[in-house]
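This structure is a prediction, so every number in the text was calculated from the model and none was measured.
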Amino acid sequence: MKDIVALCKRRGFIFAASDIYGGLNGFWDYGPLGVELKNNLRDRWWKDMVITPPIGPDGNPIDIVGVDSSIIQNPRCWEASGHVGGFNDPMVDCKESKKRYRADHVVVYLPKDGQGVAVAFDKDAEDDEIEKRLKKLTKKDVSDFETEKLDQVDVAKFESIIGPDVKNAGTLTEPRQFNMMFHTYVGATAGDENKAYLRPETCAGIFLNFKNVVDSSRVKVPFGIAQIGKAFRNEVTPRNFIFRSREFEQMELEWFCAEEDVKMWFDFWVDTRTKFWEAIGIPKSELHFLDVAKEELAHYSSRTIDVEYRFPFSAPEFDELEGIAHRGCFDLTQHQEFSGQKLEYFDQAENKRFMPHVIEPSTGLTRGVLALICQAYTVDESRPSGVYMNFHPSMAPKKAAILPLTAKDEHVPIAQKLYLDLREEFSVDLDVKQNIGKRYARQDEIGTPYCFTIDNDTIADQTVTVRDRNTMAQERIHMNKVKDFLREKIYAK
RNA sequence: GCGGGCGUAGUUCAAUGGUAGAACGGCAGCCUUCCAAGCUGCAUAUGCGAGUUCGAUUCUCGUCGCCCGCUCCA
């Protein structure tokens with residue numbers, strides 16, 4: 001992973017944000033090549049979702065439209081979604097053991113007579129273990145105690161509680177709320193009445209516009225609304241390069257359908273999304289599909305499949321790349337209740353009104369970029385660069401490099417002409433300096449799939465050498481065929 | 001947020017209470033008719049701030065950042 005981060009910086013993929021000020025934890029900037037890579041992934045997703053959506057399970061084309069909603073919305077929106085005030089669990093720290101616990105995961109054994117100390121246990125502690133420890137610390141029986149979850153216990157009693165991993169009372173701090181949302185103030189004055197939040201996920205902007213889209217776009221259920229944009233979470237611990245950052249980009253589709261069709265569409269989207277990753281160079285063998293366990297599910301979801309990728313930092317295990325969630329009709333129902341606006345869908349053909357259910361394939365764009373980089377990173381001691389980036393041609397930041405074999409002679413003007421022609425359609429590099437091997441090596445390291453070399457034969461017969469990044473094999477093709485060659489490789493299904 | 005480790009050119013490393021050296025990369029020149037990142041030269045660093053000291057990159061503190069573990073990841 002260290003080597004990958006170093007290459008990303010060395011070659012201009014990804015830099016620490018505010019680098020010259022020493023950086024800022026959890027924030028990253030995309031350099032010249034990184035932004036190309038990210039845009040390639042973003043554009044491909046948009047094309048596959050909005051411009052050319054897949055054919056549905058019944059053989060008919062499906063409809064998906066896009067939106068681009070505001071990062072800051074009316075704060076009541078986050079009350080409806082549950083992000084404000086709701087379910088982020090209070091945490092308790094132990095000053096002695098240095099551990100942190102979710103207050104509702106700690107069970108406190110309080111003496112029934114109110115005399116002496118209370119003892120806290122993890123909620124999963126075994127009965128005989130509890131009995132033993134109580135005996136040892138208090139010389140009393142289990143029957144002398146009543147239990148209560150720590151988040152229900154009066155803070156005044158904390159002084160007499162022995163934490164789960166220590167022997168003395170009074171080491172637990174009072175429960176503290178953690179809110180993952182960044183907040184700001186709308187307008188010139190800062191006060192609670194104009195407090196607002198940076199969106200912690202992009203999907204809300206879709207639900208908020210559900211009615212607007214239905215009323216303006218002539219879409220019919222089933223249909224989808226897609227959005228790509230930034231989201232912000234004040235993560236406790238940003239980790240693993242850009243994997244968990246505080247500012248990140250999501251590509252989200254909310255697929256609205258009838259409740260009875262949920263299973264069909266859920267399977268359809270899992271399948272469709274898998275093919276997407278395969279098509280851009282993430283092999284199925286590196287993906288894992290986690291059917292998220294009931295107790296782990298988010299409050300709104302009855303089923304979620306995490307599409308996971310084998311990142312270097314998680315290997316041999318996997319970590320989340322995309323989540324495909326059945327959100328039920330939670331969001332529209334909540335927003336209907338909080339806003340007082342009717343959000344039900346009216347089906348003209350069936351003459352009935354209902355709340356659509358939602359399947360949400362939600363992809364981390366920035367996580368996708370990391371997966372592409374990790375997947376492409378290939379060590380090859382036999383070549384001068386020692387490493388090359390095996391990007392799928394459609395994702396590669398540079399599609400080709402045009403290299404005059406020498407910086408003298410008539411090679412340069414021909415190369416320049418080819419370069420100007422190609423860059424009308426593709427992101428390409430012209431590199432004249434230094435010897436040819438050095439230039440190939442440089443292109444290997446940034447993952448350029450093809451190099452076109454102009455030599456004396458080019459002057460004679462208008463052919464150029466194509467050098468393949470992965471095989472290092474060379475073939476000659478006519479200059480007129482270069483564009484078609486690139487098109488075929490890049491747009492190949 | 002807690003605990004531990006760490007912070008020297010772009011990258012990977014070296015050295016030192018008297019301000020630093022290499023390799024690779026970058027740039028310039030040379031050489032090159034296809035893997036020769038070969039040759040010559042040039043530029044570039046002690047994260048930031050404070051303290052101790054005649055003098056700090058080295059010691060101390062703070063801060064920022066990175067790595068590992070915990071926690072978190074709705």
For [N] versus [M], give the span between their [atom1] atoms, rounded off to a whole number of Å.
N: C34(B); M: G21(B); atom1: P; result: 41 Å
N: U53(B); M: U19(B); atom1: C1'; result: 15 Å
N: C64(B); M: A23(B); atom1: C1'; result: 29 Å
N: C48(B); M: C39(B); atom1: C1'; result: 40 Å
N: U63(B); M: A45(B); atom1: P; result: 28 Å
N: G41(B); M: A9(B); atom1: P; result: 24 Å
N: G47(B); M: U12(B); atom1: P; result: 14 Å
N: G7(B); M: A15(B); atom1: P; result: 12 Å

Is NZ or CZ of [X] both nearer than 6.0 Å to the six-membered ring centre of [Y] and within 45° of the ring axis?
X: Arg199(A); Y: Phe232(A); answer: no
X: Lys38(A); Y: Tyr30(A); answer: yes
X: Arg273(A); Y: Phe276(A); answer: yes

Are the side chains of Leu41(A) and Met395(A) in touch, meaning some heavy atoms are under 4.5 Å apart?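 The answer is yes, as the side chains (C-beta and beyond) meet within the 4.5 Å cut-off.
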Heavy-atom distance under 4.5 Å between the side chains of Glu201(A) and His83(A), does that happen here?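 In contact.
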Can the ring centres of [X] and [Y] be said to be less than 6.0 Å apart?
X: Tyr309(A); Y: Phe311(A); result: yes
X: Phe210(A); Y: Phe256(A); result: yes
X: Phe121(A); Y: Tyr109(A); result: yes
X: Phe485(A); Y: Tyr450(A); result: yes

Is there a side-chain contact between Arg233(A) and the phosphate of A74(B), meaning an N or O under 4.0 Å from OP1 or OP2?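 Arg233(A) to A74(B) OP1/OP2: side-chain N or O found under 4.0 Å.
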Value in whole Å for how far the [atom2] atom of [N] lies from [atom1] of [X]:
X: Gln250(A); N: A74(B); atom1: CD; atom2: P; result: 11 Å
X: Ile436(A); N: U32(B); atom1: CD1; atom2: C1'; result: 10 Å
X: Phe15(A); N: G65(B); atom1: CZ; atom2: C1'; result: 17 Å
X: Asp331(A); N: A74(B); atom1: CG; atom2: C1'; result: 12 Å
X: Asp29(A); N: G65(B); atom1: CG; atom2: P; result: 14 Å
X: Tyr440(A); N: A36(B); atom1: OH; atom2: P; result: 12 Å
X: Met181(A); N: A74(B); atom1: CE; atom2: P; result: 14 Å
X: Phe27(A); N: C66(B); atom1: CZ; atom2: P; result: 11 Å

Find the runs of at least 3 consecutive base pairs, i with j, i+1 with j-1 and so on, that include RNA chain B, using Watson-Crick or G-U wobble geometry with both distances under 3.5 Å.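 Correct response: B:1-7 with B:64-70, B:10-13 with B:21-24, B:26-30 with B:38-42, B:47-51 with B:59-63.
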May I ask you to say what Asn25(A) touches in the nucleic acid, namely base, sugar-phosphate or nothing, with a heavy-atom cut-off under 4.0 Å?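 It contacts sugar-phosphate atoms only.
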For Leu7(A), answer base if it contacts any base atom (sugar-phosphate contacts may also be present), sugar-phosphate if it contacts only those atoms, and nothing otherwise; contact means non-hydrogen atoms under 4.0 Å.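 Nothing, no heavy atom under 4.0 Å.
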Donor/acceptor link under 3.5 angstrom from Arg239(A) side chain onto base of C67(B):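 No.
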Closest-nucleotide ordering on RNA chain B, the 5'-leading residue of Phe313(A) and Ala473(A):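 Here Ala473(A) is the residue nearer the 5' end.
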Upstream residue (5' side of RNA chain B) when Phe232(A) and Trp28(A) are each assigned their closest nucleotide: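 The 5'-side residue here is Trp28(A).
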Can you name the residues that form a salt bridge (charged side-chain N to carboxylate O under 4.0 Å, His left out) with Arg439(A), not counting sequence neighbours?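 Listed in chain order: nothing, the list is empty.
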Find every protein N or O atom lying less than 3.5 Å from an N or O atom of nucleotides 61-63 of chain B, and list the pairs.
none

By the definition side chain to side chain contact (heavy atoms under 4.5 Å, CB included), identify the one residue from Ile228(A), Thr202(A), Leu365(A) that meets it with Gln250(A).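 Looking at Ile228(A), Thr202(A), Leu365(A), the match for Gln250(A) under the side chain to side chain contact (heavy atoms under 4.5 Å, CB included) is Thr202(A).
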Identified side chain to side chain contact (heavy atoms under 4.5 Å, CB included) counterpart of Val358(A) within the set Phe207(A), Phe330(A), Trp255(A):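 The side chain to side chain contact (heavy atoms under 4.5 Å, CB included) with Val358(A) is passed solely by Phe207(A) among Phe207(A), Phe330(A), Trp255(A).
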Contact letters for nucleotides 26-31 of chain B, in which S counts primed atoms plus P, OP1 and OP2 and B counts the base, heavy atoms under 4.0 Å: SSSS-S
Locate the shortest heavy-atom distance separating Phe158(A) from Val153(A); write the atom from each residue and the value.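 Where Phe158(A) meets Val153(A) most closely, the heavy atoms are CE1-O, 3.7 Å.
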Which nucleotide, C34(B), C72(B), U32(B), lies nearest any side-chain atom of Thr406(A)?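 That would be U32(B).
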Could you check which of C34(B), C72(B), C35(B) has an atom nearest any side-chain atom of Pro384(A)?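 Nearest nucleotide to the side chain: C35(B).
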Qualifying residue for side chain to side chain donor-acceptor pair (under 3.5 Å) with Arg476(A), from Thr453(A), Asp461(A), Thr463(A):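 So the option named by the test is Thr463(A).
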Name each donor-acceptor pair under 3.5 Å that joins a side chain in residues 413-421 of chain A to protein atoms two or more places apart or in another chain, with its distance.
unit_1: Asp421(A); atom_1: OD1; unit_2: Lys483(A); atom_2: NZ; d: 3.3

Are there over 12 heavy-atom neighbours, none belonging to Glu259(A), within less than 6.0 Å of that residue's CD?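 Incorrect, the count does not exceed 12.
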So which protein nitrogen or oxygen atoms get under 3.5 Å of nucleotides 4-13 of chain B's nitrogens or oxygens?
unit_1: U11(B); atom_1: OP1; unit_2: Lys9(A); atom_2: NZ; d: 3.4

